[in-house]
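Down below is the structure, laid out as structure tokens.
Just so we're clear, the structure is a prediction, and the values are computed from it rather than from any experiment.
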Protein chains: 2
Amino acid sequence: MAKKNTLKYVILGLLRQHDLTGYDIKKLFSCEIGDFWNSKHSQIYPELKKLEEEHLITSRMEISGKKLEKTYYMIKSAGIDALDKWLSDPLDEIQPTRDDFTLKLYFIDHRHDQRIKNLFSEEILRHQKKFDYLSARMGELFSSRENQEQNFGHYLILKKAILRENTQLKWLKDEYRSLKNN
Amino acid sequence: MAKKNTLKYVILGLLRQHDLTGYDIKKLFSCEIGDFWNSKHSQIYPELKKLEEEHLITSRMEISGKKLEKTYYMIKSAGIDALDKWLSDPLDEIQPTRDDFTLKLYFIDHRHDQRIKNLFSEEILRHQKKFDYLSARMGELFSSRENQEQNFGHYLILKKAILRENTQLKWLKDEYRSLKNN
DNA sequence: TGATAACATGTAAATATTTACATGATTTAA
DNA sequence: TTAAATCATGTAAATATTTACATGTTATCA
């Protein structure tokens with residue numbers, strides 16, 4: 001089996017929604033999309049050129065201000081076909097999380113090792129931040145029923161991520177409390 | 001910042017628990033460790049040699065049966081130091097999940113697109129399988145309080161993974177039901 | 001006893017991803 | 001008005017990861 005080249009489909013998916021520059025795509029990864037995908041600009045720009053060579057997308061140049069050149073990419077019908085094909089492919093095996101909190105915790109054996117408490121306290125902070133961010137985005141984007149219905153996948157993934165963070169935070173705080181009381 | 005080289009610390013962490021061959025390490029990734037880490041043997045063997053060159057681990061040869069050579073690796077004190085250092089480093093930013101169910105769902109806009117139901121049905125299957133596996137492992141490994149106390153990190157990450165799968169499955173099934181009823 | 005699965009260890013090549021190097025334009029706020 | 005932040009786009013080099021190629025052993029079961 002060929003390596004997955006997921007970024008390709010992420011780009012096609014985003015371009016199906018709107019024409020975008022490489023920079024726009026990069027910025028999207030710092031919103032809630034960043035919960036499930038990220039790529040650096042040094043990977044995005046070459047991938048866009050590759051997709052254009054494959055005739056899945058095309059580009060147009062726009063001048064912004066006096067001379068700033070922005071390259072907008074647009075999806076072509078072959079790109080939509082490739083995206084739809086991918087969407088219908090069966091799901092892979094579940095991938096490992098590669099989460100560093102989990103990884104580190106696994107290697108600490110003793111109940112009373114101070115490092116467990118340290119890990120929990122850090123983990124609570126970073127997930128609280130994430131939960132707050134995702135909740136705010138939910139409020140911004142999906143207060144109205146119409147918005148929910150019209151970007152239903154987007155709505156569902158946000159809902160799922162918020163539930164996950166909420167559950168995890170509750171667990172982390174519970175365990176942290178019981179670690180401190182023993 | 002240097003690239004993370006997480007496999008290095010995973011190997012050190014595992015070798016702190018027991019002496020292991022490369023093959024043993026590979027097999028561990030197909031147990032519950034696989035929930036948060038995996039590497040192929042083609043990455044493990046070279047990494048072991050690299051760690052030996054760095055004097056973080058050493059090896060001994062054992063003959064199994066008539067002539068099957070097995071190379072067991074053992075952690076050295078410099079390896080333990082490196083591991084402990086890593087365990088105390090602050091956590092990174094939370095990494096994107098790269099989960100293909102989420103990714104695909106995000107790109108489907110319409111509430112009634114049949115592909116949403118297909119995705120949910122596939123996702124429920126693979127997570128049910130995972131939940132069953134993790135629950136079985138919990139039973140095998142941590143029925144007794146002593147086992148829980150003596151591999152506390154291991155116990156906690158299993159507990160966390162099971163809670164995650166359980167919550168997620170419930171959500172998936174709820175949403176799936178409501179998708180079918182509308 | 002012969003096939004098959006699992007044990008066991010490696011290297012090579014391709015792809016994916018990150019970090020570092022590079023450059024210039026525009027907006028915003030002090 | 002100038003400094004800083006952000007916009008905008010790229011390439012090069014290093015590292016990480018996967019896939020494919022390669023080989024031989026041992027245990028199990030038919």
Side-chain angles (χ1 to χ4, degrees), chain A residues 1-11 19-31 34 36-54 57 59-73 86 92-98 100 103, chain B residues 1-11 19-31 34 36-54 57 59-73 86 92-98 100 103:
Chain A
M1 191 191 39
K3 286 201 78 173
K4 280 177 299 184
N5 203 1
T6 309
L7 176 57
K8 169 177 173 170
Y9 300 102
V10 173
I11 289 175
D19 297 351
L20 295 167
T21 68
Y23 193 79
D24 291 334
I25 292 171
K26 178 62 203 149
K27 270 191 308 178
L28 283 170
F29 294 150
S30 61
C31 300
F36 53 89
W37 193 262
N38 190 33
S39 292
K40 313 281 182 183
H41 77 275
S42 56
Q43 198 182 0
I44 295 167
Y45 289 113
E47 186 64 30
L48 284 166
K49 295 202 162 174
K50 203 177 131 211
L51 293 178
E52 192 169 26
E53 273 170 34
E54 291 172 15
I57 64 179
S59 62
R60 75 184 132 82
M61 199 74 94
E62 272 186 31
I63 300 287
S64 162
K66 290 260 163 65
K67 44 181 166 170
L68 186 58
E69 292 185 346
K70 296 170 66 163
T71 308
Y72 280 91
Y73 288 91
W86 174 73
D92 273 345
E93 290 303 292
I94 297 172
Q95 296 301 301
T97 63
R98 298 187 166 219
D100 58 350
L103 218 32
Chain B
M1 189 191 43
K3 285 201 76 174
K4 280 176 300 184
N5 203 2
T6 308
L7 176 57
K8 169 176 174 172
Y9 300 103
V10 173
I11 289 175
D19 298 351
L20 294 168
T21 67
Y23 193 79
D24 291 334
I25 292 172
K26 179 59 204 152
K27 269 190 309 178
L28 283 171
F29 295 151
S30 61
C31 300
F36 53 88
W37 193 263
N38 191 31
S39 292
K40 312 281 181 182
H41 78 275
S42 57
Q43 199 181 1
I44 294 167
Y45 289 113
E47 187 64 31
L48 284 166
K49 296 203 162 173
K50 203 177 131 209
L51 294 178
E52 191 168 26
E53 274 170 33
E54 291 171 15
I57 66 179
S59 62
R60 70 180 136 80
M61 199 74 94
E62 273 186 29
I63 300 289
S64 163
K66 291 261 164 63
K67 45 180 165 173
L68 186 57
E69 293 186 346
K70 295 169 66 163
T71 308
Y72 279 91
Y73 288 91
W86 173 73
D92 274 344
E93 291 301 293
I94 298 173
Q95 296 302 302
T97 63
R98 298 187 165 219
D100 58 350
L103 216 34

Assess whether one donor atom and one acceptor atom, taken from the side chain of B:S64 and the base of D:dT26, lie less than 3.5 Å apart.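 Answer is no: no donor-acceptor pair is held.
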Decide yes or no, distance alone: a donor-acceptor N/O pair under 3.5 angstrom between the base of C:dT19 and the side-chain of A:S42.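 Answer yes: a donor N or O sits under 3.5 Å from an acceptor.
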Tell me the closest heavy-atom pair linking [X] and [Y], and the distance in Å.
X	Y	answer
A:P96	B:G34	CB-O, 3.4 Å
A:D24	A:Y72	OD2-CE2, 3.9 Å
A:T71	A:S59	CG2-CB, 3.7 Å

Length of the line joining [X]:[atom1] and [N]:[atom2], which is rounded to integer Å:
X	N	atom1	atom2	value
A:H41	C:dT23	NE2	P	14 Å
B:L48	C:dG10	CG	P	8 Å
A:E52	D:dT9	CD	P	13 Å
B:K26	C:dT9	NZ	P	14 Å
B:E62	D:dT26	CD	P	14 Å
A:K27	D:dT6	NZ	P	12 Å
B:D92	C:dT17	CG	C1'	15 Å
A:Q43	D:dT17	CD	P	13 Å

Would you indicate what B:K49 reaches in the nucleic acid, counting non-hydrogen atoms under 4.0 angstrom: base, sugar-phosphate, or nothing?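 Result for B:K49 = sugar-phosphate.
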With sugar-phosphate meaning primed atoms plus P, OP1 and OP2, does A:K66 contact a base, only sugar-phosphate, or nothing at under 4.0 Å between heavy atoms?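 It contacts sugar-phosphate atoms only.
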Name the residue closer to the 5' end of DNA chain D, choosing between A:K70 and A:P46 according to the nucleotide with the nearest heavy atom.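 Upstream on the strand: A:K70.
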Could you tell me whether A:D100 and B:K4 have a side-chain N and a carboxylate O separated by less than 4.0 Å?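 Salt bridge between A:D100 and B:K4, a charged N being under 4.0 Å from a carboxylate O: no.
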May I ask you to test the A:Y9-B:L103 pair for a side-chain heavy-atom distance under 4.5 Å?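 Result no, sub-4.5 Å side-chain heavy-atom pair not found.
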Do A:I44 and A:Y23 come close enough that some side-chain heavy atom pair is under 4.5 Å?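 Result no, sub-4.5 Å side-chain heavy-atom pair not found.
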Under 4.0 Å between a side-chain N or O of B:T21 and OP1 or OP2 of C:dC7?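 False: B:T21 side-chain N/O out of range (4.0 Å or more) of C:dC7 OP1/OP2.
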Heavy-atom nearest nucleotide on DNA chain C for B:T71 versus A:K40: which residue maps closer to 5'?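 The answer here is B:T71.
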Does B:Y72 or B:R98 map to a spot on DNA chain C nearer the 5' end, using the closest nucleotide for each?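 First, find each residue's nearest nucleotide; the 5'-ward one identifies B:Y72.
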So for the helix from C:dT1-D:dA30 to C:dA30-D:dT1, with five pairs setting each end axis, what is the inter-axis angle to 10°?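 If I round to tens, the end axes sit 40° apart.
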Counting only heavy atoms not in B:E93, do more than 12 sit closer than 6.0 Å to its CD atom?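 Open.
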Nucleotide of C:dA8, C:dG10, D:dA16 approaching B:L68 most closely (side-chain heavy atoms):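 For B:L68, the side-chain atoms sit closest to C:dA8.
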Name the closest nucleotide to the A:Y23 side chain, picking from C:dT17, D:dA8, C:dT19.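 The nucleotide sitting nearest to the side chain is D:dA8.
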Where the side chain of B:K26 meets the backbone of B:S39, is there a donor-acceptor pair that is under 3.5 Å apart?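 It does hold such a pair.
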